[in-house]
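I have placed the structure first, in the form of structure tokens, so that the comments after it can refer back to it.
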There are 2 protein chains.
Amino acid sequence: MRWTQSAIQTQNTVPGDVNVTSLALLLQGGFLDLYASGFFHYLPLGQRMLQNLITTFKAKLALLNGQEFILSPLIWDMNGLHDTGMPRFTVSDQHDRYFSLPDSHLVEFIKLATKRLRSYRDLPQVWYQIQPHFIDWAKPKSGLVQSRAYWLGEVYLFSPNESTRRELADHLKMFHLQWFQQCGIPVIQTKTGDFLLSPTGEQRVVGCANCGYYADQQIAPTVAKSYPSGDMETTAKNVHTPNKRTIGEVSAFLGIPAHRFIKTLLFMVDETPHLVLIRGDHDASEPKLREHFGDAHLRTATATEIEQILKTPVGFLGPQGRTGIPITADIALKGAVGMVTGANIDQYHTIGLTVGQDFPVDRWADVRLAQEGDGCPQCSQPVASYRAIQLVHRREIIRTSATFQDANGVDQPLQVSMSHLFLERLIAALIEVNHDDDGICFPPLAAPFAVIILPLNMADDATRNVAEDLYRQCQQRGISVLMDDRDAHPGVKFKDADRIGCPYRLVIGRRGLKNNTVEIQIRRTQAKMSIPYDQVMDQLTQLLSTDSSA
Amino acid sequence: MRWTQSAIQTQNTVPGDVNVTSLALLLQGGFLDLYASGFFHYLPLGQRMLQNLITTFKAKLALLNGQEFILSPLIWDMNGLHDTGMPRFTVSDQHDRYFSLPDSHLVEFIKLATKRLRSYRDLPQVWYQIQPHFIDWAKPKSGLVQSRAYWLGEVYLFSPNESTRRELADHLKMFHLQWFQQCGIPVIQTKTGDFLLSPTGEQRVVGCANCGYYADQQIAPTVAKSYPSGDMETTAKNVHTPNKRTIGEVSAFLGIPAHRFIKTLLFMVDETPHLVLIRGDHDASEPKLREHFGDAHLRTATATEIEQILKTPVGFLGPQGRTGIPITADIALKGAVGMVTGANIDQYHTIGLTVGQDFPVDRWADVRLAQEGDGCPQCSQPVASYRAIQLVHRREIIRTSATFQDANGVDQPLQVSMSHLFLERLIAALIEVNHDDDGICFPPLAAPFAVIILPLNMADDATRNVAEDLYRQCQQRGISVLMDDRDAHPGVKFKDADRIGCPYRLVIGRRGLKNNTVEIQIRRTQAKMSIPYDQVMDQLTQLLSTDSSA
């Protein structure tokens, strides 16, 4: 590609409200154009970058006999079947029928597999697709990490048995690890996903410095400790707590620490009310609750529903004296005595409660968010909490009712695993770890061009001839190359090359040509090598072939 | 790809309501899975077929320095800005803001060009993208020709002057012609699009057998003839036409031919009423009207609006005595005398009207649909009307307000052309002209695999060894190959190979191996050649390289 024939345009300034480095560098380099909150256009450089990632993804899946699909971009939206708890865009047609723009095609892939994979002869299968998906974030971040449209590389593994399932899943996990390492991303692989620790992350992971354990904070298992005993009221009684609403306020007013409080929460599970009890210094985890309730549709009840169903003012709920509504309690509350919760009376709390004695618990489960200071499930040392970009979302076992016939004609359960790669987040992570003050430093496998040729003076015949010759040779060798053939000042060309971030540049100046040399510059290290003209292409090919990230 | 490791499954039956050959063959061959009315999934064979077409499209655009974009899949939908007259899906987010799923990204591409192409140095540019688009057809056809989601290859040409514009547009048109010819599609190129004449087409073209003229019927120019004179009433008077509503009924009742009637139509143009007059035996063309009104938002007025605005019962409208509402008349009405139209009174018509004398005409324009029997604009012979599949929609000149600065710093208008390729229609056309009773006969450049290897007996070691060797050699030579390694009856393998339609097959049977030969079969011609084993690959490579459609 010649710059003068391309649509490449770098920008000197980026909008003032762009405060994420990766987005700022992509706008500056002319990779993206902001369109609307959470939506953007890929400009030609950005398209090449995305295309390179897609090509690598496909190549890795080909090694697993991956079968590529393109499912309908609109899906039926009936009975909350597709509910994953993510806010979705609703689509209506002229007959007022509703569709949705899916956040993944999980349900459709499982339906297809159920229909088409009937025999052990059809298994195993690795099915995938790469297409834009949608989440209607209320406040999309102004970066690539939480955009409202995003390219998803979704992979589904259908296996006849546990060992094949694990083998395929491990292969896929390893492919991701290798790829991210080639991109220079120090990825953390957990059971449920791959993360880059980063302050711009949209997620949190908990990690243990002692044993190297990491987990998605939303679903990290927690370990219940025995309750501290001590001086406390253990006889249930109501106390007046005028104008105290939050746990902090009531705790200060009563002089009882927050971990002796119970948060009584009302959830609607498939539109049926369920009470959930969480310790006062903990938070409920919606993903854990969704899992606990068998992947049901889950939402917190509205204030109106709380008052209608529980006949209690919001803010003073307690589980005492409730009948007809099932109660799930987090395991951290097991054996708790001397607890405080709402008295089901306006402006009153009940103190001195013993869990399981003063009210029943129907089900115990780990349904709270892990948090900083929790004991590590592996080594019991306190864990820390980090912001992270989630590159891959993985579910090793997906419950379905799908079956296949084994060699004896007997129905067996189809084993289903999934792995979702978020391509925009991969781009964000890639740039976060591959940039300097001047712009992006792409690894070759993501760079829009592996090489940029900079003839410093287009008016000079010798310079131009050498540049044209090297351009031709790069094309002949199949090296993706951008020729900056603009009649522009060398400073402009260097600055733009820094911004675009091609890993290698060939600098052709009059001074070098006097000694019959061309300079190879490495974007990332800023290293410069004067190479005799007739050896340049071999040297460049050598560099590209040994680049660990190529 | 090995069949036993793939997700390929052919079907013996297709749903009974599938009556389009191309769709039936794609379902039978396992290329598609029907999802919902107007929506389907591409299965792996279908994905490979689509991907091949996309690859060719990109390769052709690379020759024009095409720059690939990926624009936001959702677009703002404000003020009817994106209106093209096509019904659209409406998308709402959780803040009740509205987006739409565009039927093309025309408006966004022009906005981007207006913003980014500021100087003559930036021109010309060929910009394109390939992504799914949407039209909410009320009754989507059960085939690929009129699906509600469709892959669009949209190309925009931005040129500094007329000659460059024409040169680029001609190149692009020629690329399409070559490609369609390579696919065996006898395409008809008109100024506004490329068509395959086909009874399954969603469009109509008019064509002249005498001079070879063809045009999209919606926008084909019409030629006004002088009106036949003769015995007729030329004094305007109202006549009672009780219970006669249609032109046919009134015509029969009054004994006056339909071409002496005027259809008086009320359109809302950007929500302002306009009267449009069309001869009784003609129909209005909405695309021509939209063009006439400067690409305005156009719709026919509702019955309520007609009664409110014109104070006249629907069915008895006439232009007589109207003030304040502009009147556009089709040129076929020029100089017409003795005309009949509604009397603006219930159950009455006015006869004996002279156009332009008994009522004013504000603007004359060619705003009617061409029809069978019209005079050819080139040679005046009567044209015929044909059903056709529109593969490409082309607009050579798009009016915009975009400008660029020329070398003297003077603002000049940016010349914009567009070309939209409908990939699903290309697939439908391709299969329509490339199939027989047994299945699809793909040209190599669209086939999911160029070659299928059929070892007739997998239990035979010699057969299997030869098959494996040829499979390896195909892969080494970069030939896309499917190996039917199923332990299945030869009849099953032949039948499936017919359905999938790979252009070449290598048949390995025990009888041939005795003479050290393998059979090369050509799907399209059913030709069979026994080739000595050690010459098979050279012969195959030779066939592929000389295949005009490769």
Side-chain angles (χ1 to χ4, degrees), chain A residues 1-2 4-9 30 33 35-36 38-44 46-48 50-51 65 67-76 87-95 99 101 105 108 112 115-117 121-122 124-127 129 131-132 134 136-138 148-149 151 486-487, chain B residues 1-2 4-9 30 33 35-36 38-44 46-48 50-51 65 67-76 87-95 99 101 105 108 112 115-117 121-122 124-127 129 131-132 134 136-138 148-149 151 486-487:
Chain A
M1 177 81 55
R2 291 171 191 275
T4 55
Q5 295 181 346
S6 78
I8 302 171
Q9 285 180 354
D33 187 279
Y35 177 65
F39 295 104
F40 51 83
H41 301 318
Y42 280 99
L43 300 175
Q47 189 278 331
R48 293 180 73 99
L50 178 66
Q51 189 61 57
N65 286 310
Q67 306 281 306
E68 187 172 353
F69 290 68
I70 307 173
L71 300 201
S72 169
L74 285 194
I75 59 172
W76 285 110
R88 271 167 304 156
F89 290 98
T90 305
V91 182
S92 50
D93 74 4
Q94 52 179 316
H95 303 299
F99 294 87
L101 291 166
H105 277 83
E108 272 63 36
L112 268 180
K115 187 163 82 174
R116 301 183 82 90
L117 303 177
R121 287 190 202 86
D122 303 328
Q125 286 285 328
V126 177
W127 288 5
Q129 76 167 351
Q131 67 162 276
F134 299 85
D136 179 19
W137 300 110
R148 299 210 278 178
W151 284 76
R486 290 176 298 171
D487 185 15
Chain B
M1 178 81 57
R2 289 170 192 278
T4 55
Q5 295 181 344
S6 77
I8 302 171
Q9 284 180 354
D33 187 280
Y35 178 64
F39 295 104
F40 51 83
H41 301 319
Y42 280 99
L43 301 175
Q47 188 277 331
R48 293 180 72 99
L50 178 66
Q51 188 63 57
N65 287 312
Q67 307 280 307
E68 187 172 353
F69 290 69
I70 307 172
L71 302 200
S72 170
L74 285 195
I75 59 171
W76 286 112
R88 270 167 305 157
F89 291 97
T90 305
V91 182
S92 51
D93 74 4
Q94 53 179 312
H95 303 299
F99 294 86
L101 291 166
H105 277 82
E108 272 63 36
L112 268 180
K115 186 163 84 174
R116 301 182 82 90
L117 303 178
R121 286 190 202 86
D122 303 329
Q125 286 285 327
V126 177
W127 288 4
Q129 75 167 353
Q131 67 163 275
F134 300 85
D136 179 19
W137 299 109
R148 299 212 277 180
W151 283 76
R486 291 176 297 171
D487 185 14

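It should be emphasised that the depicted structure is a prediction, and the values quoted were computed from it without experimental measurement. A note on names: the letters A, B, ... follow the listed sequences, proteins ahead of strands, and every chain is numbered from 1.
- For a residue to count as touching a neighbouring chain, one of its non-hydrogen atoms must lie under 4.5 Å from one of that chain's; by this rule A:Asp33 touches chain B with the side chain only.
- Only the side chain of A:Trp127 comes within less than 4.5 Å of a heavy atom of chain B; its backbone N, CA, C and O stay farther away.
- Here B:Leu74 is the residue among B:Leu74, B:Leu117, B:Leu101, B:Asp122 with the most heavy-atom pairs under 4.5 Å with chain A.
- For a residue to count as touching a neighbouring chain, one of its non-hydrogen atoms must lie under 4.5 Å from one of that chain's; by this rule B:Phe40 touches chain A with the backbone only.
- The most heavy-atom pairs under 4.5 Å with chain B, out of A:Phe39, A:Tyr42, A:Phe134, come from A:Tyr42.
- Heavy atoms of A:Ala149 lying under 4.5 Å from chain B belong exclusively to its side chain.
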Audit row: A:Met1, B:Gln67, side chain to side chain contact (heavy atoms under 4.5 Å, CB included) steps and yes/no = CA-CA 10 Å; A:Met1 177 81 55; B:Gln67 307 280 307; 3.2 Å; yes
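- Closest heavy-atom contact between B:Trp76 and A:Tyr35: N-OH, 2.9 Å.
- Between chain B and the residues A:Arg148, A:Gln94, A:Gln51, A:Arg486, the largest count of heavy-atom pairs under 4.5 Å involves A:Gln94.
- Heavy-atom minimum distance, A:Arg116 versus B:Gln9: O-NE2, 2.6 Å.
- Of the two parts of A:Phe69, the backbone and the side chain both hold a non-hydrogen atom closer than 4.5 Å to a non-hydrogen atom of chain B.
- Of the listed residues (A:Arg48, A:Lys115, A:Arg2), the greatest number of heavy-atom pairs within a distance under 4.5 Å of chain B belongs to A:Lys115.
- If you tally non-hydrogen atom pairs under 4.5 Å between each of B:Asp93, B:Val126, B:Leu112 and chain A, the highest count goes to B:Asp93.
- Ranked by heavy-atom pairs under 4.5 Å with chain B, the first of A:Thr4, A:Ile8, A:Val91 is A:Val91.
- By number of non-hydrogen pairs under 4.5 angstrom with chain B, the leading residue of A:His105, A:Gln125, A:Glu68 is A:Glu68.
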